[in-house]
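What follows is a set of notes on a single structure, which appears directly below.
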Amino acid sequence: MRRTHYCGNVNTSNINEQVVLEGWVNRRRDLGGLIFIDLRDREGLVQVVVQPESPAYAQANRVRSEWVVRVTGIVRARPAEQVNAKIASGEVEVVAEGLEVLAEARTPPFPIDAGWRGEQDQVVSEEIRMRHRVVDLRRRTLQRNLRLRHKVVAAIYRFLDQEGFISVETPFLTRSTPEGARDFLVPSRLQPGQFYALPQSPQLFKQMLMVAGFDRYFQIARCFRDEDLRADRQPDFTQLDLEMSFVEQDDILELNERLAAYVFKETLGLELPIPFPRMSYAQAMNCYGSDKPDLRFGLELADVSELFRGGEFRAFADAEVVKALVAPALLSRREIEELEAIAKGKGAAGLAWSRYEGGAFSGGIARFIPEGLKERVRLEEGQTVLFVAGPWRKSVESLGAVRLELGKRLGLIGEGFRFLWVVDFPLLEWDEEGGRWTYMHHPFTSPNLEDLELLERDPGRVRAYAYDLVMNGAEVGGGSIRIHRRELQERMFALLGIGPEEAQEKFGFLLEALSYGAPPHGGIAWGLDRWVANMAGEDSIREVIAFPKNKEGRDPLTEAPSPVSEAQLAELGIALRTPNG
RNA sequence: GGCCCGGUGGUGUAGUUGGUUAACAUACCCGCCUGUCACGUGGGAGAUCGCGGGUUCAAGUCCCGUCCGGGCCGCCA
């Protein structure tokens, strides 16, 4: 006889019913005569009581944590004073009539029961958790996170289906393209010496689907990038990838706002105010020192270049920019030193400072503070003003990093979810090492048509139809309007130093597609792992991925990557330069 | 590639200025216990302190190297 209910769903409506439950022993309490078993499945716990005279008693006596059992019994209301308010089924219990052990279990390597009764799970090192991921996945937090992820994906499908989007799968085994991140390569057996690459994103395929007339495409797509890992980066990760034809930038932003709001409403029950704020890249960088500003707190940077220009403080007098940030506290020398280390890490020459105390500046560069600075940065009693001077980008980014650190240290970061669009990214940026222009988003991004005349004359000033979606200071999405005319795409390649032959060799299939009549189109990709991690309140995307890799790119569970046999290599025509290493 | 933090019974921690038998909680095993719900209670087992070397009369503790894990920078169209 199979189960009749999920353990966690048994409640007062089942009183006096005979139920069959199957699940894991979350905890067993042996009172010497009576035995209580908290039986668990994915829906939660229910208390099973086994009386000494019950036929279930003998088995209940030997059962241990995490054994898998089947219990037959009658649901009974608990006396009022014995109700357990911490669990959903706490008003009832199941009086066991039979108990069958379906599987015994080794003692788990770390406790997994606490979360299921509404308490905090013990913190266990990630190393141990990953090695025993199956056990870890039994814990309530991961169960909850993965179910949230499922609900997000299901909501995305519902919404986009309603909006006329068509889900299309694109290949995993595809062609290596030279740009972007490092490719994962897959050797071809049938074409020895040649390689597939795993896709860094379905970018070119979705553009070709637009040319093919699908009009609206989406895919929950696995993507692969062979770069170093972080808390928010895995070598294989998931994008919500979508693309639309005959649209302009605002159409895409508007649709994605509604999608985000729908997802939040359907999964967390939260109403997101839309439209989201929009901020130009220039404004984001100037005010927050980041192209993904965290708007959960203020602390905007101020430009004070003019106040210092030509002044007696030589280091600031002829700097390209001088940026200031007011910390709403009197910072100690030690704190300032730590902040300076952060600024220097981002390329600042130093972090100048002065405290405003007792109506006067003191410490740091107090004697160089120019007239009008206090008013300019709205400095108040008991605050510290911090400065970085130098080239624009390094200055704003380093002070932006200081801003983030201050937000954390001073506890300024508020609750909730703050979204914004960052728009008007530059199309190109100067690559110091390569001594050439390179794209900021990708080489298929359309220039802002208003800036088209600047393309060859002053490339650095050309804005792109590119946009990032930022959530609580994390980049959770990015996209663009694409180039849909072959001539412009070729012009773009030329600007990037990709000659006609190279363009033909590497992107010929795209150019050919564009030559057959491409609709204006654009789209976006959401970093789904980051979205869900943020929604779940997790700092690492590993907490929303069932089987993640560690920081070295290894899977501690399967111990991938692993050596392969000589025979496998031979079949692929591959010889290792350093055997086993 | 660089910087930083960590590694002590199964798990999570403590371990002072280098000094006796490495402590605590929990888990585990055995006994007692009929209303517990992190049951209680009595007992027991369990750690070459990541590994290697060095300093020292003496190293979990100090030094060097190394391995493993985590955070960040670089990198991530």
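Basis for what follows: all heavy atoms, side chains included, without hydrogens, waters or symmetry-related copies. Proteins get letters first, then strands, A, B, ... in listed order; numbering begins at 1 in each.
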Using side chain to side chain donor-acceptor pair (under 3.5 Å), reason through A:Ser332 and A:Glu335 one step at a time and then give a plain yes or no. CA-CA 5 Å; A:Ser332 69; A:Glu335 287 171 309; 3.2 Å; yes

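- Nucleotides B:G10 and B:C28 place their C1' atoms 8 Å apart, quoted to the nearest Å.
- Both A:Ala231 and A:Gln200 sit near RNA chain B, but only A:Ala231 has its closest nucleotide nearer the 5' end.
- A donor-acceptor contact under 3.5 Å is formed by the side chain of A:Arg233 with the base of B:C76.
- Within a 6.0 Å radius of CD in A:Glu53, more than 12 heavy atoms belonging to other residues, nucleotides or ligands are found.
- Whole-Å rounding puts the A:Ile35 CD1 to B:G40 C1' distance at 15 Å.
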With the criterion being N/O to N/O and under 3.5 Å, what pairs connect the protein with nucleotides 7-13 of chain B, and how long is each?
unit_1	atom_1	unit_2	atom_2	d
B:G10	O2'	A:Pro109	O	2.9
B:U11	O4'	A:Pro109	O	3.1
B:U11	O2'	A:Gln122	NE2	2.3
B:G12	OP1	A:Ser125	N	2.8
B:G12	O4'	A:Gln122	NE2	3.1

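- Between the P atom of B:C75 and the CD atom of A:Gln234 lies a distance of 21 Å, rounded to the nearest Å.
- With no hydrogens or angles considered, a side-chain donor-acceptor pair links A:Tyr217 and A:Asp241 at under 3.5 Å.
- In this entry the distance linking CG of A:Leu31 with C1' of B:G31 reads 15 Å, nearest Å.
- In this model, no donor atom of one side chain and acceptor atom of the other lie less than 3.5 Å apart for A:Ser201 and A:Gln239.
- For B:G74, its base sits under 3.5 Å from the side chain of A:Asp228 at one donor and acceptor pair at least.
- Taking the six-membered ring for Trp, A:Trp67 and A:Trp24 have ring centres at least 6.0 Å apart.
- Contact annotation: A:Arg29 side-chain N/O to B:C39 OP1/OP2 distance is under 4.0 Å.
- If you check every strand for non-hydrogen atoms under 4.0 Å, A:Glu93 touches a base.
- In this structure, A:Phe425 CZ and A:Ser280 OG are separated by 9.5 Å, a value rounded to the nearest 0.5 Å.
- The phosphate of B:C73 (OP1 or OP2) has a side-chain N or O of A:Arg230 nearer than 4.0 angstrom.
- Nearest to the side chain of A:Leu34, among B:G69, B:C76, B:U34, sits B:U34.
- Distance from the side chain of A:Gln82 is smallest for B:U36 among the nucleotides B:U36, B:C30, B:G71.
- Contact annotation for A:Arg27: backbone-only contact, meaning every heavy-atom pair under 4.0 Å involves sugar-phosphate atoms and none involves a base.
- Side-chain proximity of A:Thr107 to B:G70, B:U34, B:A27: nearest is B:A27.
- In this structure, CD of A:Glu104 is placed 15 Å from P of B:C28, rounded to the nearest angstrom.
- Across all strands, A:Arg76 comes closer than 4.0 Å to base atoms (heavy-atom distances).
- Heavy atoms of A:Ser201 sit under 4.0 angstrom from at least one base atom.
- With rounding to whole Å, A:Asp30 atom CG is found 16 Å from B:A38 atom P.
- Here A:Pro52 lies in heavy-atom contact (under 4.0 Å) with a base.
- In this structure, A:Arg78 reaches the bases: a heavy-atom distance under 4.0 Å links it to at least one base atom across the strands shown.
- On a pure distance criterion of 3.5 Å, no polar donor-acceptor pair joins the side chain of A:Gln51 and the base of B:U34.
- Taking the six-membered ring where tryptophan is involved, the planes of A:Phe184 and A:Phe224 are perpendicular, since the angle between them exceeds 60° and thus also 30°.
- The shortest non-hydrogen separation linking A:Leu351 to A:Glu340 is N-OE2, 2.9 Å.
- Side-chain contact annotation: A:Asn145 with A:Glu538, donor-acceptor N/O pair under 3.5 Å present.
- Residue A:Asp226 is out of contact with every strand shown, counting any heavy-atom pair closer than 4.0 Å.
- Here the rule is salt bridge (Lys or Arg N to Asp or Glu O under 4.0 Å) with A:Asp113, and of A:Arg138, A:Arg28, A:Arg27 only A:Arg27 fits it.
- We find that CG of A:Leu229 is positioned 14 Å from C1' of B:G74, with the value rounded to whole Å.
- Note: CZ (A:Arg106) to C1' (B:A27) measures 15 Å, nearest angstrom.
- Whole-Å rounding puts the A:Asn550 CG to B:C67 C1' distance at 14 Å.
- Near RNA chain B, meaning a heavy atom under 4.0 Å from it, residues 331-351 of chain A has no residue at all.
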